[in-house]
Amino acid sequence: MKTDILLGLQWGDEGKGKIVDAITPGYDVIARFQGGPNAGHSLEFDGKKIVLHLIPSGIFHPNKLNVIGNGVVLDPAVFKQEIGTLGIPLEELTKRLVISSRAHLIMPSHRILDAASEKRKGNAKIGSTLRGIGPTYTDKISRNGLRVGDILSIDFRKKYAEHTNNHLRQLSSYDFDFDLAKYEEGWFEGVETLSKFKIVNTEYLFNDLLSKNKKILAEGAQGTMLDIDFGSYPFVTSSNTISAGACTGMGVSPKRIGEVLGIFKAYCTRVGSGPFPTELFDATGEELRKAGHEFGATTGRPRRCGWLDLPELKYAIMVNGVTQLFMTKSDVLSGFDKISVCTSYKVGGKTCDEIPFGDTPTEPVYTQLPGWKEDITKIKEFDKLPINLKNYIKYIEDYTGVPITMVSVGPDREETILR
Ligand code: GDP
Ligand code: IMO
Ligand code: MG
């Protein structure tokens, strides 16, 4: 069998968690392959709402294996806290969840370095979630990291102290006050909890399972425009969020990748700094924020809102090799008389549909489509959707050349229409 990849095609928060939870029944294994607790994946079912940061979104389905792959950066303190919110007994959880020995550890001093770096940047800050993501991936790439497998070694405390001292030396060059002890106690308690889980070389596990005809779903975090290579650098996260990241973040070869399921919102949002061509600063932007409850699942920050950006979507489809599109938050657009979609950009007086390098001023060129008024949240069949929504879907499909095979009409697992 193959590994399907589900990932975000915009700036994150496309509804990945909801959709992964909804389609988990069709898979045997759900795996995270990059990112860390910067992610906030919201799930709703049976009247409950849960936000996951590190744990894959298949965790609520018994008899499914969830795996945290090598490409993830893991904060033991967040891990312990999060598993306490799931309502699943630890004994059961240790059967459902396996962790890669090669995943890197976010240390308390990484969080402090993240905050110190953002403060130093001032107005040029990334708008990081302050979860220590950047400094941890920096240590990984510079070959200075500490990994999950290290917690099992007898000299782990010594290694921890060496790494922390290294960070403290770096921190001495910042004008930044911090309290390391505040984080350390919870962190070591988290390490203790982590050690109760199966920590293995998950690349063997994934490949063995695929050889045994098991189906794996790789769950992306963040979104394509936050990818370290292809996003709006430097206003990005520190990992490869695109489909290629699933190969390196799991140890699965491209030959074993099946469908690439690309999720996008029916409009756009972004948290943190950086370019966002279709951002709306007016009452319509506020209306989208209100109707879509657009506040960050990890930090609670208001999300910046704007119309759908089709050149951006097409770019994301290209770099990911998307084979099917899933559109979420369609219900949020109900009630608008007209819906704008960006079909090209004006850059330096010229019309183009390529995302320009860096922060080149980019003016969106819009086409307006008629809206729909109906409440669509109770609709279960594609054919019953309002004609203008179907026309909106057709317009996107014609522009991108990729079919929209799933439409999400509400935050609940059940509010999902398969075509
Ligand atoms: P993720 O990071 O991609 O998993 O997305 P988030 O959970 O950060 O943000 C998506 C938000 O939209 C969450 O509050 C979800 O509960 C909600 N959501 C997901 N799909 C839909 C949908 O189709 N309609 C509405 N109204 N809300 C949705
Ligand atoms: P999910 O998985 C939206 C953004 C931050 C910031 C930039 C870098 O829920 O879609 P980082 O903490 O990674 O160094 O922050 O990336 N960011 C996200 N935005 N959704 C996310 O995750 C994000 N994870 C990071 O706001 O702009
Ligand atoms: Mg999110």
Side-chain angles (χ1 to χ4, degrees), residues 6-22 32 34-45 48-54 56-57 72-73 75 106 110-111 113-115 117-118 121 125-138 219-228 231-239 241 263-276 288 290-304 326-334 375-377 379 406-417:
L6 179 144
L7 41 74
L9 299 180
Q10 295 159 326
W11 288 269
D13 304 329
E14 296 89 350
K16 299 174 290 293
K18 181 220 142 144
I19 301 296
V20 168
D21 171 58
R32 280 278 306 269
Q34 48 69 231
N38 47 350
H41 295 178
S42 319
L43 280 58
E44 288 191 35
F45 55 90
K48 283 184 289 192
K49 180 172 174 166
I50 296 119
V51 181
L52 298 174
H53 300 284
L54 272 169
S57 298
V72 171
V73 287
D75 183 331
I106 301 178
H110 283 133
R111 291 183 67 143
L113 277 166
D114 201 1
S117 159
E118 283 285 81
K121 283 186 155 96
K125 71 175 184 191
I126 309 293
S128 141
T129 59
L130 303 179
R131 297 299 187 267
I133 304 296
T136 308
Y137 277 115
T138 300
E219 171 183 7
Q222 291 77 54
T224 302
M225 297 313 284
L226 295 173
D227 180 273
I228 184 76
S232 46
Y233 192 91
F235 302 104
V236 292
T237 191
S238 299
S239 63
T241 61
I263 301 215
F264 70 103
K265 269 182 203 176
Y267 49 98
C268 287
T269 63
R270 174 167 202 165
V271 261
S273 324
F276 180 5
L288 282 172
K290 217 169 136 212
H293 305 289
E294 295 296 356
F295 295 88
T298 297
T299 58
R301 291 176 290 176
R303 294 178 182 143
R304 301 156 63 191
F326 291 178
M327 184 166 90
T328 61
K329 305 200 94 158
S330 320
D331 53 304
V332 175
L333 292 186
S334 295
D375 172 9
I376 59 169
T377 54
I379 296 179
M406 183 182 280
V407 180
S408 175
V409 294
D412 194 277
R413 195 191 260 177
E414 301 295 325
E415 291 165 324
T416 312
I417 302 174

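Start at 1 and go down the list; that is how both ligands and their atoms are numbered. Model, not experiment: these values are computed from the prediction.
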Just to be sure I understand the site: which N, O or S atoms from the protein are less than 2.8 Å away from the Mg ion (ligand 3)?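 Sorted hits: Asp13 OD1, Gly40 O.
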
Heavy atom under 4.0 Å from ligand 2: found in [X]'s side chain, backbone, both, or neither?
X: Arg301; answer: side chain
X: Glu14; answer: neither
X: Asp114; answer: neither

Protein residue, atom and distance nearest to atom 6 (P) of ligand 1, heavy-atom basis: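 Here the nearest protein heavy atom works out to Gly40 O, 3.5 Å.
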
Which protein heavy atom lies closest to atom 9 (O) of ligand 1, and at what distance to 0.1 Å?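 Answer, as residue, atom name and distance: Arg303 NH2, 3.4 Å.
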
Could you establish whether [X] and ligand 1 come within less than 4.0 Å of each other, counting only heavy atoms on the residue side?
X: Glu14; value: yes
X: Glu294; value: no
X: Met327; value: no

Using heavy-atom distances only, which candidate in Gly410, Ser42, Ala291 approaches atom 22 (C) of ligand 1 most closely?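 Nearest option to atom 22 (C) of ligand 1, by heavy atoms: Gly410.
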
Within the structure, does Val271 bring an N/O atom to less than 3.5 angstrom of an N/O atom in ligand 2?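 By distance alone, the answer is yes.
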
Does Gln222 reach ligand 2 with a nitrogen or oxygen that is under 3.5 Å from one of the ligand's nitrogen or oxygen atoms?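 N/O-N/O distance below 3.5 Å exists for this pair.
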
Show which atoms of ligand 2 fall inside a sub-4.0 Å distance from at least one heavy-atom site of [X].
X: Ala39; answer: 1 (P), 2 (O), 9 (O), 22 (O)
X: Trp11; answer: 3 (C), 19 (N)
X: Lys16; answer: 1 (P), 2 (O), 10 (O)
X: Val236; answer: 7 (C), 8 (C)
X: Gly127; answer: 5 (C), 6 (C), 26 (O), 27 (O)
X: Leu226; answer: 4 (C), 16 (O), 17 (N), 18 (C), 19 (N)
X: Thr237; answer: 11 (P), 13 (O)
X: Ala221; answer: 2 (O)

Take every heavy atom of Arg131, measure it against each atom of ligand 2, and state whether any distance is under 4.0 Å.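 No, Arg131 has no heavy atoms under 4.0 Å from ligand 2.
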
Test item, Gly40 contacting ligand 2 (heavy atom, 4.0 angstrom):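 For ligand 2, residue contact (heavy atoms, under 4.0 Å) with Gly40 is present.
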
Would you check whether Gly12 has a nitrogen or oxygen atom less than 3.5 angstrom from a nitrogen or oxygen atom of ligand 1?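 Checking ligand 1 against Gly12, no N or O pair falls under 3.5 Å apart.
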
Can you find an N/O atom of Asp13 closer than 3.5 Å to an N/O atom of ligand 1?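 Yes - when backbone and side-chain N and O of Asp13 are compared with those of ligand 1, one distance drops under 3.5 Å.
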
ring-ring contact (aromatic ring centres under 6.0 Å, His included) involving Phe235 - partner list, sequence neighbours excluded: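 Result, ring-ring contact (aromatic ring centres under 6.0 Å, His included) vs Phe235: none returned.
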
